[in-house]
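Worksheet: one structure, shown below.
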Amino acid sequence: MHESKKKRERSTNFAAMKDTYRHKGLRQKLIDALRQKGIRNEDVLAAMYRVPRHLFMDSGFINHSYTDKAFPIAAGQTISQPYTVAFQTELLAPEKHQKVLEIGTGSGYQTAVLLELGARVYSIERIRELYLRSRDQLIPMGYNPGLYYGDGYQGLPAFAPFDRILVTAGANELPNNLLEQLAVGGRMVIPVGDRFGQKMLLIEKTGDKETQTSEHGYFSFVPLLQGKTN
Ligand code: SAH
């Protein structure tokens, strides 16, 4: 893309970086709806109240930002449904200052929610365009995640072990590398299934080679794919 066009697009993006009383009011309603749908963790709800979700979506979709629905972002991917973000975050239960690895940065919205909870977040995205966009979105907002362009199946061995691992795309099976990079006493939340639907699994690492798995309902994610792409 031509450099000046790139700049113009960025500044348009900045101009749209407004969070008004109207947005906050809509967000409060969304939080109330999530509470009614069964989300109990008030820290998670408060973190989601603080993150302006509309800034993570293309301006054409801003009117849809505060309905409880997934929406398309660039490169054929989606920003997860708010209920799904709340559900996965509640299950993950990150504590302040813990090291959290997220697979599938996408829009960066879930990354922001984890950062609002005080976690130290490392997030991997396999699509370069999304990696760049999420960085351009999160950094000017004052967030400070570690963002990586690569294949989440590999995890980030240089920074392991992680207290928490959150996978935000649907996997066919449990990636072994990720299990290995989970600290003993740590928790991993990952949807596992096929392209028609995935079971939400919570894996608790109880020993070096021991895990306990529990199932938490069905969801529908875009697929976790091998390798990285331009
Ligand atoms: N957490 C995101 C959800 C985005 S959808 C958000 O809040 O917006 C899932 C993302 O996972 C997509 O952007 C997709 O490109 C990415 N993804 C899929 N397989 C991956 C892999 N192996 N490594 C890293 N990212 C992957």
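In what follows, every heavy atom counts, from backbone to side chain, and hydrogens, waters and symmetry copies are set aside.
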- prompt: Taking the six-membered ring for Trp, are Phe56 and Tyr109 parallel (under 30°), tilted (30 to 60°) or perpendicular (over 60°)?
  reply: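 Taking Tyr109 first and then Phe56, their aromatic rings stand perpendicular (interplane angle over 60°).
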Answer yes or no: is there a side-chain heavy-atom contact under 4.5 Å between [X] and [Y]?
| X | Y | answer |
| --- | --- | --- |
| Leu101 | Arg164 | no |
| Leu201 | Pro191 | no |
| His64 | His54 | no |
| Gln81 | Phe219 | no |
| Leu114 | Pro94 | yes |
| Thr168 | Leu166 | yes |
| Val222 | Gln77 | yes |
| Glu90 | Ile39 | yes |

Is a donor on one side and an acceptor on the other found under 3.5 Å between the side chain of [X] and the backbone of [Y]?
| X | Y | value |
| --- | --- | --- |
| Gln198 | Asp194 | yes |
| Glu95 | Gly118 | no |
| Lys29 | Lys24 | no |
| Thr84 | Ser80 | no |
| Lys205 | Leu182 | yes |
| Gln36 | Leu34 | no |
| Asn177 | Gly155 | no |
| Arg126 | Asp151 | no |
| Asp163 | Gly186 | no |
| Asn41 | Val44 | yes |

- prompt: Are any of the side-chain nitrogens in Asp136 or Arg133 under 4.0 Å away from the carboxylate oxygens of its partner?
  reply: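 A salt bridge is absent here (no side-chain N lies under 4.0 Å from a carboxylate O).
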- request: Using a strict 4.0 Å threshold on nitrogen-to-oxygen distance, state whether Lys228 and Glu125 make a salt bridge.
  value: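 Answer for the salt bridge query: no.
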Heavy atoms only: give me the nearest [X]-[Y] pair and the separation to one decimal.
| X | Y | result |
| --- | --- | --- |
| Ile203 | Leu179 | CG2-CD2, 3.8 Å |
| Ala75 | Glu129 | CB-OE1, 4.2 Å |
| Thr105 | Ser134 | CG2-OG, 3.6 Å |

Pair [X], [Y]: side-chain N/O donor-acceptor within cut-off below 3.5 Å:
| X | Y | answer |
| --- | --- | --- |
| Tyr66 | His23 | no |
| Glu116 | Tyr143 | yes |
| Thr206 | Gln212 | no |
| Gln110 | Ser123 | no |

query: Taking a hydrophobic cluster as the set of Ile, Leu, Val, Met, Phe, Trp and Tyr residues connected by side-chain heavy atoms closer than 4.5 Å, whether directly or through intermediates, do Ile79 and Phe221 fall within one such cluster?
result: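 Yes; tracing contacts between hydrophobic side chains, which count when under 4.5 Å, links both residues.
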field: ILVMFWY network linking Tyr122 to Leu117, side-chain heavy atoms under 4.5 angstrom
entry: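 Cluster IDs for Tyr122 and Leu117 differ.
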- request: Answer with yes or no after comparing the ring centroid distance for Tyr131 and Tyr148 against a 6.0 Å cut-off, counting only values under it.
  value: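 No, the ring centres sit 6.0 Å or more apart.
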task: Please check if atom CZ in Arg195 has more than 12 non-hydrogen atoms from other residues, nucleotides or ligands closer than 6.0 Å.
output: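 Counting other residues, nucleotides and ligands, CZ of Arg195 stays at 12 neighbours or fewer.
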